[in-house]
> 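Starting off with a structure, shown below.
For this chain, numbers begin at 1 and follow the sequence in order. This is a predicted model, so every value here is computed, not measured.
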Amino acid sequence: QVQLVSSGGGLVQVGGSLRLSCAASGRTLSGYAVGWFRQNPGNEREFVAAIARSGSSYSSTYYADFVKGRFTISRDNTKNTVFLQMNSLEPEDTAVYFCAAGGGYLPTTVYEYNYWGQGTQVTVSS
């Protein structure tokens, strides 16, 4: 199995930026689609962004409407890591962010992912 470790969360002011990392071990992450989800207590885990397996010929990223234009998902295969660059952060972005890997193309549901990181807390202050 692939093990995922998410990191990079923290406290940031409104309008600030954070870069989350999803580092993999055990297997090469380039062969998997990787998604980011976020969750607050009492709410369902919601889709944020996804990137297709490396080398895809078609559109390789997909974003939830509420983050389009602000967040960017990317890969660094030399580090076996996927990143989520978050800009123009808003208080509504406060959540625990999880990364996940799966075999689909650009999966958007939790059921399409097989491996999950532990989550990293993002807090945006007003």
Side-chain angles (χ1 to χ4, degrees):
Q1 294 185 347
V2 59
Q3 294 80 44
L4 303 177
V5 178
S6 57
S7 62
L11 177 64
V12 65
Q13 294 179 328
V14 172
S17 298
L18 286 173
R19 189 181 73 164
L20 305 184
S21 298
C22 181
S25 62
R27 294 183 183 178
T28 300
L29 197 56
S30 62
Y32 295 88
V34 175
W36 286 94
F37 293 77
R38 68 188 190 186
Q39 186 174 27
N40 281 311
N43 297 321
E44 294 185 347
R45 194 166 297 184
E46 65 178 351
F47 172 77
V48 176
I51 187 167
R53 57 186 177 272
S54 184
S56 298
S57 300
Y58 305 100
S59 297
S60 59
T61 59
Y62 185 74
Y63 300 91
D65 287 342
F66 54 81
V67 302
K68 287 182 179 178
R70 299 190 298 124
F71 292 8
T72 303
I73 189 170
S74 62
R75 291 180 179 269
D76 185 342
N77 289 333
T78 65
K79 299 180 179 179
N80 207 24
T81 300
V82 169
F83 302 98
L84 183 68
Q85 178 67 47
M86 305 187 296
N87 299 323
S88 302
L89 284 165
E90 305 167 352
E92 293 76 17
D93 296 318
T94 296
V96 176
Y97 284 72
F98 300 86
C99 64
Y105 186 68
L106 286 172
T108 60
T109 71
V110 297
Y111 309 103
E112 297 173 280
Y113 290 91
N114 299 313
Y115 310 103
W116 291 85
Q118 84 286 4
T120 184
Q121 176 70 51
V122 171
T123 303
V124 184
S125 62
S126 301

> Applying side chain to side chain contact (heavy atoms under 4.5 Å, CB included), can you list everything that pairs with V122, at least two apart in sequence or on another chain?
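Here the qualifying residues are L18, L20, M86, Y97, V124.
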
> Which distance, rounded to the nearest 0.5 Å, do you find between the OG1 of T94 and the CD of Q121?
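Result: 7.5 Å between the selected atoms.
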
> Which is it for R38 and D93 under the side chain to side chain contact (heavy atoms under 4.5 Å, CB included) test, yes or no, and what are the steps along the way?
CA-CA 9 Å; R38 68 188 190 186; D93 296 318; 2.9 Å; yes

> Return the minimal non-hydrogen interatomic distance between L4 and A24, and the atom names on each side.
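Smallest interatomic distance, heavy atoms only, reads CD2-CB, 3.7 Å.
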
> So if you build clusters from Ile, Leu, Val, Met, Phe, Trp, Tyr with side-chain heavy-atom gaps below 4.5 Å, do V34 and V48 land together?
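The answer is yes; both residues are in one hydrophobic cluster.
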
> Using a 3.5 Å distance criterion without hydrogens, assess whether the side chain of Q3 forms a donor-acceptor pair with backbone atoms of Q1.
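Confirmed, Q3 side chain pairs with Q1 backbone.
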
> Do N77 and S54 get their side chains close enough for a donor-acceptor pair, meaning under 3.5 Å?
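S54 and N77 do have a side-chain donor-acceptor pair below 3.5 Å.
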
> Which residues pass the salt bridge (Lys or Arg N to Asp or Glu O under 4.0 Å) test with R53, sequence neighbours left out?
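With sequence neighbours excluded, R53 shows a salt bridge (Lys or Arg N to Asp or Glu O under 4.0 Å) to no residue whatsoever.
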
> Do R27 and Y32 form a cation-pi contact, if we require the NZ or CZ to be under 6.0 Å from the six-membered ring centre and within 45 degrees of the ring's axis?
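Checked: cation-pi criterion not met.
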
> Please name the pair of heavy atoms, one in A101 and one in L29, separated by the smallest distance, quoted to 0.1 Å.
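Nearest heavy atoms, A101 then L29: CB-CD1, 4.0 Å.
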
> Checking S7 now: which residues fulfil side chain to side chain contact (heavy atoms under 4.5 Å, CB included) with it, not counting sequence neighbours?
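Result, side chain to side chain contact (heavy atoms under 4.5 Å, CB included) vs S7: S21.
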
> So, taking the atom named CH2 in W36 and the one named CZ in R45, what distance separates them when rounded to the nearest 0.5 Å?
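Answer rounded to 0.5 Å: 12.0 Å.
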
> Measure the spacing between OH of Y63 and CD1 of I51 and express it to the nearest 0.5 Å.
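Interatomic distance, Y63 OH to I51 CD1, rounded to 0.5 Å: 7.0 Å.
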
> For the atom pair CG (N40) and CD (E46), what is the distance rounded to the nearest 0.5 Å?
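N40 CG to E46 CD: 8.0 Å, rounded to 0.5 Å.
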
> Using 0.5 Å steps for rounding, measure from the CD atom of Q118 to the SG atom of C22.
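With rounding to 0.5 Å, CD (Q118) is 8.5 Å from SG (C22).
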
> Kindly give the heavy-atom pair with the smallest separation between A50 and Y113, and that separation in Å.
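That closest heavy-atom pairing would be CB-OH, 3.6 Å.
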
> With hydrophobic residues grouped by side-chain heavy-atom distances under 4.5 Å, do Y62 and I73 end up in a single group?
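Hydrophobic grouping puts Y62 apart from I73.
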
> Return yes when atom OH of Y115 has more than 12 non-hydrogen atoms of other residues, nucleotides or ligands closer than 6.0 Å, and no otherwise.
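Result for OH/Y115: enclosed.
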
> Can you see which heavy atom on N87 is nearest to which on S17, and at what distance?
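The answer is OD1-OG, 2.8 Å.
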
> Please examine the side chains of L89 and F71, heavy atoms only from C-beta on, and report whether any two atoms are closer than 4.5 Å.
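A side-chain contact under 4.5 Å exists here.
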
> Parallel, tilted or perpendicular for W116 and F37, by the 30°/60° rule?
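It falls in the tilted class, 30° to 60°.
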
> Any link between F66 and V14 through a network of hydrophobic side chains (Ile, Leu, Val, Met, Phe, Trp, Tyr) touching at under 4.5 Å?
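Result: yes, single cluster for both.
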
> Looking at S6 and G119, would you say the former's side chain and the latter's main chain have a donor-acceptor pair under 3.5 Å?
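Such a contact is found between S6 side chain and G119 backbone.
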
> I need the minimum non-hydrogen distance between T120 and G8, along with the two atoms involved.
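Shortest heavy-atom separation between T120 and G8 comes out as OG1-N, 4.0 Å.
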
> Identify the heavy atoms of F83 and D76 that sit nearest to each other, and give their distance.
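Scanning both residues, the minimum pair turns out to be CE1-CB, 3.6 Å.
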
